[in-house]
Amino acid sequence: MKILLGTHVVLGATEAEALALEREWVAGIDVDKAIAYLQTVVSPHLRLAELPLDQPIPVTLLEEAEALRDERYQRGAAWLRTHHRQTVRQLAIKHRQNSLHLGFTGTPEKVADELATLFRERAADGFVLSHSHLPEGLELLTQGVVPALRRAGLFREDYEGLALRHHLGIA
């Protein structure tokens with residue numbers, strides 16, 4: 001079995017540019033829609049829209065949702081548990097940004113270094129990368145992150161077969 005982590009990256013030519021792009025992107029998020037979307041992933045028993053936006057989700061409510069043992073919502077409930085000190089608003093925005101994926105913001109070199117560290121620490125066998133904006137984000141991903149990972153020996157130059165299973169060594 002191979003583990004490919006979903007990631008969402010916000011890239012800028014400089015750290016300041018990446019952070020500004022992230023702020024701009026977050027500012028455009030409709031919080032009510034983000035909460036509704038988050039609700040589809042976490043347990044419907046949490047009733048996130050009824051909670052105060054700027055207060056953390058009560059731990060007792062998390063415990064009640066977890067006690068139901070509804071397999072459809074275990075991943076979302078676990079994600080909420082790891083972020084339980086954040087407010088409903090913060091969680092909804094974070095989820096809208098990353099959809100439970102790992103989020104990275106920075107220069108291509110910084111993001112490549114963070115991905116390389118996770119890979120070397122065996123946190124994953126690879127990554128599914130998504131970016132925040134076109135065309136600049138895609139260009140920085142393909143012309144910045146990918147070459148940096150290649151220089152580190154972590155991104156292949158050629159492929160060994162025609163199907164994904166060949167590339168992952170599971171054929």
Side-chain angles (χ1 to χ4, degrees), residues 1-31 33-42 71-86 89-171:
M1 179 183 341
K2 300 286 184 174
I3 304 297
L4 303 177
L5 292 179
T7 63
H8 180 266
V9 296
V10 179
L11 297 167
T14 65
E15 187 74 17
E17 181 182 309
L19 292 170
L21 285 167
E22 182 178 50
R23 282 191 301 274
E24 180 182 312
W25 196 67
V26 167
I29 293 174
D30 180 321
V31 175
K33 287 182 181 177
I35 290 171
Y37 180 58
L38 178 58
Q39 187 71 66
T40 66
V41 178
V42 300
E71 288 183 28
R72 295 172 295 171
Y73 304 108
Q74 287 302 306
R75 182 177 173 205
W79 183 82
L80 278 178
R81 173 64 77 177
T82 62
H83 296 87
H84 76 274
R85 289 191 175 100
Q86 294 183 353
R89 181 189 312 272
Q90 290 169 327
L91 288 169
I93 289 171
K94 180 184 261 329
H95 181 263
R96 180 62 188 95
Q97 282 179 285
N98 304 321
S99 298
L100 303 182
H101 295 143
L102 293 175
F104 299 93
T105 299
T107 63
E109 297 78 18
K110 177 186 174 201
V111 169
D113 286 344
E114 291 172 345
L115 292 171
T117 297
L118 286 172
F119 182 80
R120 288 186 184 116
E121 291 176 353
R122 303 297 301 150
D125 297 301
F127 301 94
V128 177
L129 299 170
S130 67
H131 54 86
S132 62
H133 55 287
L134 288 169
E136 299 87 359
L138 182 58
E139 289 172 8
L140 289 170
L141 184 65
T142 59
Q143 296 173 15
V145 176
V146 170
L149 291 172
R150 280 193 173 130
R151 285 190 298 276
L154 300 175
F155 198 99
R156 68 180 80 230
E157 297 278 344
D158 295 310
Y159 292 97
E160 300 167 11
L162 299 176
L164 180 61
R165 66 179 176 272
H166 295 110
H167 309 319
L168 297 176
I170 56 175

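Only a predicted model underlies this, so the values are computations on that prediction, with no experimental measurement involved. Note that the numbering runs from 1 along the sequence shown for the chain.
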Undergrad: Just how far is it from atom CG of D30 to atom CD1 of I35, taken to the nearest 0.5 Å?
TA: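 Spacing of CG (D30) from CD1 (I35) equals 9.0 Å.
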Undergrad: Rounded at 0.5 Å granularity, tell me how far CD in Q86 sits from CG in L91.
TA: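 The CD atom of Q86 sits 5.0 Å away from the CG atom of L91.
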Undergrad: Sorted by first residue and then second, give each side-chain hydrogen bond (donor to acceptor under 3.5 Å, both in side chains) pair with at least one member in residues 141-157; sequence neighbours left out.
TA: none
Undergrad: Please identify each residue that fulfils side-chain hydrogen bond (donor to acceptor under 3.5 Å, both in side chains) with E24, with sequence neighbours left out.
TA: none
Undergrad: Are the side chains of V9 and V145 in touch, meaning some heavy atoms are under 4.5 Å apart?
TA: no
Undergrad: Given side chains that start at C-beta, do those of L115 and L129 come closer than 4.5 Å, heavy atoms only?
TA: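 A side-chain contact under 4.5 Å exists here.
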Undergrad: Taking distance alone, no hydrogens or angles, what donor-acceptor pairs closer than 3.5 Å link side-chain atoms of residues 11-19 to residues at least two apart or in another chain?
TA:
unit_1: T14; atom_1: OG1; unit_2: E17; atom_2: N; d: 3.0
unit_1: E15; atom_1: OE2; unit_2: K110; atom_2: NZ; d: 3.0
unit_1: E17; atom_1: OE2; unit_2: A13; atom_2: N; d: 3.3

Undergrad: Checking T105 now: which residues fulfil side-chain hydrogen bond (donor to acceptor under 3.5 Å, both in side chains) with it, not counting sequence neighbours?
TA: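 Partners of T105 by the side-chain hydrogen bond (donor to acceptor under 3.5 Å, both in side chains) criterion, ordered by chain and then number, come out as E22.
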Undergrad: Would you name the heavy atoms of A34 and A92 that are closest together and state the gap between them?
TA: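 Looking at all heavy atoms of both residues, the shortest contact is CB-O, 3.7 Å.
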Undergrad: Quick test of your reading: applying salt bridge (Lys or Arg N to Asp or Glu O under 4.0 Å), list the pairs with at least one residue in residues 136-146, sequence neighbours left out, ordered by first then second residue.
TA: none
Undergrad: Extract all donor-acceptor atom pairs below 3.5 Å that involve side chains of residues 117-128 and protein atoms in other chains or at least two apart in sequence.
TA:
unit_1: T117; atom_1: OG1; unit_2: D113; atom_2: O; d: 2.9
unit_1: R122; atom_1: NH2; unit_2: D125; atom_2: OD1; d: 3.0
unit_1: D125; atom_1: OD2; unit_2: I3; atom_2: N; d: 2.7

